[in-house]
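I'd like to ask some things about the structure below.
Within every chain, numbering begins at 1; the chains are lettered A, B, ... in the order of the sequence lines, protein sequences first and strands thereafter. Quick caveat, the model's predicted, so the values are computed rather than measured.
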Protein chains: 2
Amino acid sequence: MGATKTENFTDEQNELAILTKALGHPARIAIIEYLIKVESCICGDIVNELPLSQPTISQHLKELKNAGLIKGNFEGNAICYCLNEVGFDKIKGFFQHVNTYLDNRKNGCC
Amino acid sequence: MGATKTENFTDEQNELAILTKALGHPARIAIIEYLIKVESCICGDIVNELPLSQPTISQHLKELKNAGLIKGNFEGNAICYCLNEVGFDKIKGFFQHVNTYLDNRKNGCC
DNA sequence: TGTTTATATTGCAATATTACGATATAGTTT
DNA sequence: AAACTATATCGTAATATTGCAATATAAACA
């Protein structure tokens, strides 16, 4: 064993886990925050911004892109990256659910 | 190499990554959703609910607890688990930031 | 005290992630 | 076409995660 048993969970649970897992690394949080700050930029800008090598940044961008949290379009010989609302919209529902629950929870808990 | 270079990122980035990483597994998403559904329950209830062994559930509960997303209190010889608002409140700010940005983003992006 | 019930911990194998040097790919420019 | 710029991929080492059987711990109860 060692691999996650995805077949035992719903598609929604697996998809949400893929999205949150993609955000589960400080470099990828930093990339998202940087993209919010500058709206859009090319990969090289992020390589200059963060203390990680170009291949490592490229790998993190790939994971964020695969999860649907960012998108990239060719712009000359560079690739312009920005946030992808699709992924964040999927996460939104879950946290709204959680927050609504917590806001309405009367007595602490157990 | 192989370990995340946490020293290169801010405390906020690392803390947020720990929280989202803790949610980055379908079993842990399922546990959170189950706790919302039943408000609170003991570990054994989750073992009955999910198709994973008792040690594996115990390990996932530990990770959620360490991240600050759930809390557990002794109740007789069992432990009663429920959501911990502390962790979710920390995540909330980040997603509010992202959603506000996305809502105000005029022209798509690059 | 001995037994039962509930949960945690240990130990380990399988797999996944992280990071980066070296190299490949692809568009741009001269 | 050759050189340059930007990004991706390959290969690999170090580390982390996942899952479970076996075992330990701890409270409740007979």
request  = Could I get the full list of side-chain contact (heavy atoms from CB on, under 4.5 Å) partners for Ala67(A), not counting sequence neighbours?
outcome  = Ile18(A), Leu19(A), Ala22(A), Leu69(A)
task = Residues of residues 45-70 of chain B with any non-hydrogen atom less than 4.0 angstrom from an atom of DNA chain D: list those, numerically ordered, please.
result = Leu52(B), Ser53(B), Pro55(B), Thr56(B), Gln59(B), His60(B), Glu63(B)
key: Euclidean distance, Ile36(A) CD1 relative to Ile31(A) CD1, rounded to 0.5 Å   = 12.5 Å
query = Taking CD1 from Ile42(B) and P from dA26(D), how many angstroms apart are they, rounded to a whole number?
reply = 19 Å
Non-hydrogen atoms of Gln13(B) and Phe9(B) that approach each other most closely = OE1-CB, 3.4 Å
note = When rounded to the nearest 0.5 Å, the distance separating CD of Glu7(B) from CG of Asn14(B) is 9.0 Å
ask   = Is a side-chain donor or acceptor of Asp45(B) paired with a backbone partner of Cys41(B) at a separation under 3.5 angstrom?
value = no
message = If I take atom NZ from residue Lys21(B) and atom NE2 from residue His25(A), how far apart are they, to the nearest 0.5 angstrom?
response = 7.5 Å
For residues 47-61 of chain A, which side-chain N or O atoms pair as donor and acceptor with protein atoms under 3.5 Å away, sequence neighbours left out?
| unit_1 | atom_1 | unit_2 | atom_2 | d |
| --- | --- | --- | --- | --- |
| Asn48(A) | ND2 | Gly44(A) | O | 3.3 |
| Ser53(A) | OG | Thr56(A) | N | 3.4 |
| Ser53(A) | OG | Thr56(A) | OG1 | 3.0 |
| His60(A) | ND1 | Arg28(A) | NH1 | 2.9 |

key: Contacting residues from residues 72-80 of chain B, given that a heavy atom lies under 4.0 angstrom of DNA chain D   = Gly76(B), Asn77(B)
Please tabulate, one pair per line, all N/O donor-acceptor pairs under 3.5 Å involving side-chain atoms of residues 79-97 of chain A, not counting sequence neighbours.
| unit_1 | atom_1 | unit_2 | atom_2 | d |
| --- | --- | --- | --- | --- |
| Asn84(A) | OD1 | Val86(A) | N | 3.1 |
| Glu85(A) | OE1 | Arg105(B) | NH2 | 2.7 |
| Lys90(A) | NZ | Glu15(A) | OE2 | 3.0 |

remark   = Residues of residues 12-32 of chain B with a heavy atom under 4.0 Å from any atom of DNA chain C, listed by number, are none
ask   = How far apart are the closest heavy atoms of Thr20(B) and Gly24(A), and which atoms are they?
value = OG1-CA, 3.3 Å
key: Ile32(B) side chain near Ile70(B) side chain, heavy-atom distance below 4.5 Å   = yes
message = I want to check one thing: is the phosphate of dA6(C), taken as OP1 and OP2, less than 4.0 Å away from some side-chain N or O of Tyr81(B)?
response = no
